[in-house]
**Q** 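Handing you a structure now.
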Number of protein chains: 2
Amino acid sequence: MLFRHNGFGMELRHLRYYVAVAEALNFTKAAARLRVAQPALSRQVQDLEDEIGVDLLTRSPRGVALTAEGKLFLEEARDILKRTDEAVEKTRSLARGEFGELHIGYSPSPTVEILPPALGTFQKSVPRVTVRLHNLAGNELADGVRKGTLELAVMQRPLEANGIGLQFEPLHAYPICVAVAPDHPFAKMKSVALARLATEKLVVFRRREYADYHALLASVLRSVNQRLPIATECDGASSLITEISTGRGIAILPLVFEKIVGARLKLRPLTPAPPAQEIGIVRALKGDVTPAGEKFCACLRSSVKQLTR
Amino acid sequence: MLFRHNGFGMELRHLRYYVAVAEALNFTKAAARLRVAQPALSRQVQDLEDEIGVDLLTRSPRGVALTAEGKLFLEEARDILKRTDEAVEKTRSLARGEFGELHIGYSPSPTVEILPPALGTFQKSVPRVTVRLHNLAGNELADGVRKGTLELAVMQRPLEANGIGLQFEPLHAYPICVAVAPDHPFAKMKSVALARLATEKLVVFRRREYADYHALLASVLRSVNQRLPIATECDGASSLITEISTGRGIAILPLVFEKIVGARLKLRPLTPAPPAQEIGIVRALKGDVTPAGEKFCACLRSSVKQLTR
DNA sequence: ACCCATTATGCCGGAAAAGCATCGCTGCGC
DNA sequence: GCGCAGCGATGCTTTTCCGGCATAATGGGT
């Protein structure tokens, strides 16, 4: 190198050597501990002192003592070395997926059986990863994953139009059911023929907020060419439960809603069975999933395994 | 070196280079900025990545991009480099006496004219030095300086017995005076002959707490072979002022007390003048004074110069 | 398919660090 | 009082490795 700037000679080696000497208060012993020869150590510490322009040690034939400046610099050097170790370890942790932030999108209702236990095991295995959950609508989830603001989404299979650039890994499939009040005639049946819905009125979620649900509904009804009158539109699960249990109508729901409605409604499978609602992991086709994200997927999969047992 | 430990290859150079590349997002430009050739930079960053065992950058023919780990490590590296600079600068500051702690012992009354202005100018010139003032008796001051718990003391010249191992640098000398109430006959004189004290009673400070004062007093009186009756012993300046102004007696005091007693007492020089009370700097004969201490001494000297004008 | 910018690789020279031997200093013990 | 032991510094040689130059490889853009 032609030109060497003033302060560009200091290296971590100098700090490591200085700390060793300052701790041993003896060049020879420090050299042994560092597995280097004493003269090398001697010179490196001299270089360090020249670099800083301050005497850090007072030498004597009996060993060395720290000057006031040396004491200060010892603290500083120790701190710097500790921080470098921490920096490296942090980075490795991040690479191993044991550290950092993980942005996960999800649809609350369809994932109610899968997500909570997966979150629990994940946080237990890597507590230093902060999971940020984002409760969004289906198309927003898809957009988020595509843009990269979400690393993964746990949700129903995206519609064709929403699915471009995304990969869907199915975790579980819920049969489509009809939800009725416990005193409704359907409640006594083991399954309900699709054709029998013709005389019923539908309770549905609001189209605006539940586009995915309406897509599902449409596909179910389309398959039998039916068009049912809509009794009410609900803004959420609890009002839907109220509407149905008071006899205002029935609803078409995936079986997972059993976990939500409890005993207040009865869910009966439809025959012939429409295509089941698939719940799974959505990730971007291109764009890496971090190790932490992979771990999370593993937790989801094992959460599903527990479920089916 | 025969054995090279796992993590002992990382140096500040690697961090400096990595930061440059991560900021430029381009090896070639970073190399130019660092005034090194691009291949050198390329290799050093590779070495760093090998060392950590994590990919920090994704290379492409259009430049480089940071991985998530790379972003984290960039922050860490920047911080480490900043801290090293700070560590060096702190150490240099300490060596220049612009930083650190300074323990100063003093006797309050005799230094009342000198110390406060010196402290003021000192703190203005080096605000990052924390001055710790220790108000102690004369022998404790001497002990403290000898032991090194005090770097300096500002006080009257130590007695012979107390002065061993110490160096005294005189700053100012105050003539010995007699202090009387304003209506006392002495108050009208320009000076008072020592012999005329014979008919007076003495107001003194307590022997226990003011050994130095009593030594001074003894030497003044011994020089004229007088022994005066003691009217009262006082625990401090304010009670001494009260005693004298109410006519209970007179006191022998150095002229500096004029600043303390104000108009409440009159101080008149004695003739023939006894040896003046010398105020100065006490330091250990061996044992360094830090640069900050030297600066403080300079402030004291200039404070005295201001005084005599 | 070619081109260009950009990074990676091979090789060499030199600077700097490490090792070895030795010197100089100082305090301790015989 | 003198030698000896322990310590750090210094001179010199060896080794390492960093940097420079030339060039290959890579891959997106036109």
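Please read all numbers here as calculations on a predicted model, not as lab measurements. Naming convention: chains lettered A, B, ... in sequence-line order (proteins, then strands); numbering from 1 in each chain.
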**Q** Answer with yes or no whether the side chains of A:His103 and A:Glu151 bring together a donor and an acceptor at under 3.5 Å.
**A** no
**Q** Does NZ belonging to B:Lys90 count more than 12 external heavy atoms closer than 6.0 Å?
**A**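 For B:Lys90, atom NZ is not crowded (no more than 12 foreign heavy atoms under 6.0 Å).
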**Q** Could you go through the salt bridge (charged side-chain N to carboxylate O under 4.0 Å, His left out) check for A:Glu69 and B:Arg96 one step at a time?
**A** CA-CA 10 Å; A:Glu69 292 81 6; B:Arg96 284 195 303 260; over 6 Å; no
**Q** Between A:Arg146 and A:Asp143, is there a salt bridge with N-O shorter than 4.0 Å?
**A**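 Judged by the 4.0 Å cut-off on N to carboxylate O distance, A:Asp143 and A:Arg146 do form a salt bridge.
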**Q** Taking atom P of C:dG19 as reference, at what distance in whole Å does atom CZ of A:Arg35 sit?
**A**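 Those two atoms, CZ and P, are 11 Å apart.
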**Q** Roughly, in whole Å, what's the span from CG in A:Leu41 to C1' in C:dG19?
**A** 13 Å
**Q** Could you tell me how far apart B:Gln44 (CD) and D:dT16 (P) are, to the nearest whole angstrom?
**A**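 For the pair B:Gln44 CD and D:dT16 P, the rounded distance is 17 Å.
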**Q** Each nucleotide N or O in nucleotides 8-14 of chain D that has a protein N or O under 3.5 Å away: list the pair and distance.
**A**
residue	atom	partner	partner atom	Å
D:dG8	OP1	A:Phe27	N	2.5
D:dG8	OP2	A:Asn26	OD1	3.2
D:dG8	OP2	A:Phe27	N	3.1
D:dG8	OP2	A:Thr28	N	2.8
D:dG8	OP2	A:Thr28	OG1	2.7
D:dA9	OP1	A:Arg59	NE	2.6
D:dA9	OP2	A:Ser42	OG	2.2
D:dA9	N7	A:Gln38	NE2	3.0
D:dA9	N6	A:Gln38	OE1	3.1
D:dG11	O6	A:Arg43	NH2	2.9
D:dC12	N4	A:Arg43	NH2	3.1

**Q** From CD of B:Glu51 over to P of D:dC17, roughly how many Å is that when rounded to an integer?
**A**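 Atom CD in B:Glu51 sits about 12 Å away from atom P in D:dC17.
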**Q** For A:Arg13 and C:dA16, what is the distance between atoms CZ and P respectively, to the nearest whole Å?
**A**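 Checked: the CZ to P distance equals 11 Å.
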**Q** Under the side-chain hydrogen bond (donor to acceptor under 3.5 Å, both in side chains) criterion, do A:Ser107 and A:Gln156 qualify, and how do the steps go?
**A** CA-CA 8 Å; A:Ser107 306; A:Gln156 59 278 23; 3.0 Å; yes
**Q** Rounding to an integer number of Å, can you tell me how far A:Leu12 CG sits from C:dA17 C1'?
**A**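 For the pair A:Leu12 CG and C:dA17 C1', the rounded distance is 16 Å.
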**Q** Please give, in whole Å, the distance from D:dG19 C1' to B:Leu34 CG?
**A**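 Rounded to whole Å, this separation is 13 Å.
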**Q** What is the distance, to the nearest angstrom, from the NE2 atom on B:His14 to the C1' atom on D:dC17?
**A**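 So the two atoms are 10 Å apart, to the nearest Å.
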**Q** As a quick check of understanding, evaluate salt bridge (charged side-chain N to carboxylate O under 4.0 Å, His left out) for A:Arg301 and A:Glu169, giving each step before the final call.
**A** CA-CA 10 Å; A:Arg301 291 183 201 109; A:Glu169 174 191 339; 2.5 Å; yes
